[in-house]
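First up is the structure itself, then whatever we jot down about it.
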Amino acid sequence: MDRARRPDRRALLVGGLMGATVALAGCSSMRAASSATGASPEVRPTTPAAAFARLMEGNKRWVSGDLQHPDRDPNRRQLVAQEQEPFGAVLSCIDSRVPPELLFDTGLGDLYVMRTGGEAVGPVVTGSVEYGPMTSGTPLIVVLGHQRCGAVKAAYTSLREGKPLPGNLQAIVRPCSRRTSRQSGRVAPTRSRPWPAPRSD
């Protein structure tokens, strides 16, 4: 692994899958991918904008059903077995319907992926998100939300009815509660999005 280096800048963009928040960590790439394999070799994006555009291109293929399934052949496996330089880090929900690698039609070594219920964040999750930019020069961080999230719904119901969730599920309630308004009993409004939102359907 190359020597760690911190990102030069970080810009917050609001966007995502039907209302996600996209955070761009403006890190300079440590180097381009050493080689590209597969049916359609592509150079690793080195800027937040280029990385985001790559994800949007993949999401368009997902929506249309015209998937390429890039970077998944034996040659790619052999390449990334030695070293990885993902161009994006994605924090998403555990929901089985929204796996980032499929939604963005990416392959091995393209993304760091962290998944938690309702995109709940704690110190370990935050450290995991920062790992790519700090160690691999990953230029893009995406926090990916989605519609009909069971974790957010459960947290909202727990807060509204004053009934704690069983077991460790209660740990999801506090982070998810930031999206709701206890005073009005309504989900807090989503802020405007300057970037097009990825789609899951």
Co-membership, hydrophobic cluster, residues Leu108 and Val113, 4.5 Å side-chain: no
Provide the closest heavy-atom pair for Glu101 versus Arg72 in the form atom of the first, atom of the second, distance. O-NH2, 3.7 Å
Minimum heavy-atom distance between Gly118 and Cys149, given as atom pair plus value: CA-SG, 4.0 Å
Result of checking Val90, Leu55, Leu111 against Leu140 for side chain to side chain contact (heavy atoms under 4.5 Å, CB included): Leu55
Please say yes or no: joined through hydrophobic side-chain contacts below 4.5 Å, possibly via intermediate residues, are Ile94 and Met114 part of one cluster? no
Closest heavy-atom pair and its distance - Gly117, Ala151: C-CB, 3.8 Å
Please check if the side chain of Ser158 supplies one atom and the backbone of Ala154 the other of a donor-acceptor pair under 3.5 Å. no
Evaluate the side-chain proximity of Asp71 to Val80: yes if any heavy-atom separation is below 4.5 Å, no if none is. no
Taking all heavy atoms of Val98 and all of Ser92, pick out the closest pair and write down the distance. O-OG, 4.4 Å
Pro139 to Ala51 - nearest heavy-atom pair and separation: CG-CB, 4.1 Å
Paired with Asp110, the side chain to side chain contact (heavy atoms under 4.5 Å, CB included) test is passed by just one of Arg76, Gln84, Arg44, Arg54, namely Arg76
Is the backbone N or O of Gln68 less than 3.5 Å from a side-chain atom of Asp105, with the two atoms forming a donor-acceptor pair by type? yes
Rounded distance (nearest 0.5 Å) linking atom CG of Asp66 with atom NZ of Lys60: 13.0 Å
So do the side chains of His146 and Glu119 get within less than 4.5 Å of each other, counting heavy atoms only? yes
Closest approach of Phe87 to Thr106 (non-hydrogen atoms, all atoms of both residues): CZ-CG2, 4.3 Å
So with a 6.0 Å cut-off around CD of Glu161, is the heavy-atom count from everything else above 12? yes
Would you confirm whether Asn59, through its side chain, and Phe104, through its main-chain N or O, come within 3.5 Å as a donor-acceptor pair? no
For Ser136, is there any backbone N or O sitting under 3.5 Å from a side-chain donor or acceptor partner on Glu85? no
Does the pair Val125 and Leu91 meet the rule for a side-chain contact (heavy atoms from CB on, under 4.5 Å), with working shown? CA-CA 9 Å; Val125 177; Leu91 172 62; 3.8 Å; yes
